[in-house]
A.B. asks: 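Sharing a structure below in structure tokens format, with a few things to ask.
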2 protein chains.
Amino acid sequence: MARPKSAAARDKMIEAAQEIIRDQGVDGFTIDEVARRSGVARTTIYRHFGSGDDLLLAAIDHIVAEVEAPDTGSLRGDLRAAIGSLLDASRTPELRQVFVSILRRALVDDEFATAFRAANDQRHVALRTAIQRGIARGEVAPDINIELALQFVQGPFLVKRLIENDDVTDREFEALLDIIVRALTTRT
Amino acid sequence: MARPKSAAARDKMIEAAQEIIRDQGVDGFTIDEVARRSGVARTTIYRHFGSGDDLLLAAIDHIVAEVEAPDTGSLRGDLRAAIGSLLDASRTPELRQVFVSILRRALVDDEFATAFRAANDQRHVALRTAIQRGIARGEVAPDINIELALQFVQGPFLVKRLIENDDVTDREFEALLDIIVRALTTRT
DNA sequence: GTATTCCGATACGCTGACGTTTCATTATGG
DNA sequence: CCATAATGAAACGTCAGCGTATCGGAATAC
């Protein structure tokens, strides 16, 4: 072994790839564009990543949005914090596009489906811990179906932000929180 | 005027376009493919629709899924019917792809955003009438915020089917219905 | 210090899609 | 019936992206 593959070049490629994804979504991703932005030669990209998709997948891995999940002392507060940071992220048009474009590819391509699921995990973790803290506090029934609850908590916001492409005002945010918290804390 | 533009040709084009959309989503749509499938010459397509997008938009207009909204006598029954037919539709992988691919374009292109909104209206109508019947029956508080309720009703299913790409079993369906109905009928 | 391997750059061929032009053929309104 | 306008077919140029090949120069392990 005389010269290892340059890690610097690799980083530059991935960085450029992420930049592109943020700017134009997964669909705007091109090898040429990565080369242009990164300054790395197209040939080198092929040598590091066999195909463009591999680079794309590697880039997606690192693009997960940070989701906060502080312990605020109440279910409602925890949910507000977690969902709030999700809403903040969803207000960036680019991130919305990233999300949907990956979602689209995930429907067609299994590798993307896996990557997409992984990227969504962090969101789930935040919400799940919020609910589990609620259980620990006694606010939420311990026999709750957490997976269902998750869908139930995310759902309304996803509809509003992603499909309707409407902003969620503070009033609406609180109103939805009301409904959700009430539903989660209501005994059967 | 000696010879009007052939309505038959126009129909064939739109039909072919819809076929393509169903098969491969909006992104697989090409003028060439429309020409191939419809048997209409590419030139003719350009003469009828200035650009490919116009044809695409025209095709989307006619591709709305039918949503049933029968009066079953109870809020729960109405919701089950309406959501059930949505779920049926969402089980077709093609439709899921159609939905997401249009959603994606809608984030970028205003014309598509409008078309997408129109296509979603039928879904809203069904759910909205279900809720309004609930109000009429006295099951639902009359001062409910219907728009919020709508997001709330669709949300969980969209998350499960679209994002997680998981099937919704009958058990889960009923469990979610439980939560939703309870939330809608609970007094403040 | 040198051999080995990587990097950058350029060029090439291929494919799919777009949109335009031309022209012979066909259908139809009047 | 016939002038008029639409259709189908083929050709053309353009452009973007993909993937490969080649080659001089540069970096690094040993």
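Sequence lines set the chain letters: A, B, ... in the order given, protein chains first and strands last, and positions in each chain run from 1.
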A.B. asks: Give the C-alpha distance, both sets of side-chain angles, the deciding distance and a yes or no for side chain to side chain contact (heavy atoms under 4.5 Å, CB included) between A:R76 and A:T185.
C.D. replies: CA-CA 10 Å; A:R76 193 189 165 110; A:T185 54; over 6 Å; no

A.B. asks: For the CD atom of A:Q154 and the NZ atom of B:K160, what is their distance to the nearest 0.5 Å?
C.D. replies: 12.0 Å

A.B. asks: Which whole-number value in Å describes the distance from A:M13 CE to C:dG8 C1'?
C.D. replies: 12 Å

A.B. asks: Under 4.0 Å, counting only non-hydrogen atoms across every strand here, what does B:T43 touch: a base, just sugar-phosphate, or nothing?
C.D. replies: base

A.B. asks: Would you mind telling me which residue lines up with the more 5' stretch of DNA chain D, A:R47 or B:A41, judged by nearest nucleotide?
C.D. replies: B:A41

A.B. asks: Side chain of B:T30 only, heavy atoms from C-beta on: which candidate in C:dC18, D:dA29, D:dG17 is closest?
C.D. replies: C:dC18

A.B. asks: Starting from C1' on C:dA17, measure out to CD on B:Q24 and report it in whole angstrom.
C.D. replies: 14 Å

A.B. asks: Under 3.5 Å, is there an N or O donor on one side and an acceptor on the other linking the side chain of B:R3 and the base of C:dT26?
C.D. replies: yes

A.B. asks: Looking at every strand, decide which applies to A:S6 at a 4.0 Å heavy-atom threshold: base, sugar-phosphate, or nothing.
C.D. replies: sugar-phosphate

A.B. asks: How close or far is atom C1' of C:dA17 from atom CG of B:D32, stated in whole angstroms?
C.D. replies: 6 Å

A.B. asks: B:I146 and B:V181: same hydrophobic cluster, using ILVMFWY side-chain contacts below 4.5 Å?
C.D. replies: yes

A.B. asks: For B:T44 and A:F29, find the nucleotide of DNA chain D closest to each by heavy atoms; which residue's nucleotide sits nearer the 5' end?
C.D. replies: B:T44

A.B. asks: How close or far is atom P of C:dG8 from atom NZ of A:K5, stated in whole angstroms?
C.D. replies: 12 Å

A.B. asks: May I ask you to evaluate whether B:H48 reaches the phosphate of D:dA6, defined as a side-chain N or O under 4.0 Å from OP1 or OP2?
C.D. replies: no

A.B. asks: Check every atom of C:dG8, D:dG19, D:dT7 against the side chain of A:Y46 and return the nucleotide holding the closest atom.
C.D. replies: D:dG19

A.B. asks: Starting from P on C:dG19, measure out to CG on B:L55 and report it in whole angstrom.
C.D. replies: 12 Å

A.B. asks: Is a salt bridge present between B:E174 and B:R80, judged by a nitrogen-to-oxygen distance below 4.0 Å?
C.D. replies: yes

A.B. asks: Rounded to the nearest Å, what distance is computed from the CZ atom of residue B:R42 to the P atom of nucleotide D:dA6?
C.D. replies: 19 Å

A.B. asks: Report the distance from atom CZ of B:R10 to atom C1' of D:dA6, rounded to the nearest whole Å.
C.D. replies: 15 Å

A.B. asks: In whole angstroms, how far is the C1' atom of D:dA9 from the CD1 atom of B:I45?
C.D. replies: 13 Å

A.B. asks: Would you compute the distance between atom CG of B:N145 and atom CG of A:D178 and round it to the nearest 0.5 angstrom?
C.D. replies: 11.5 Å

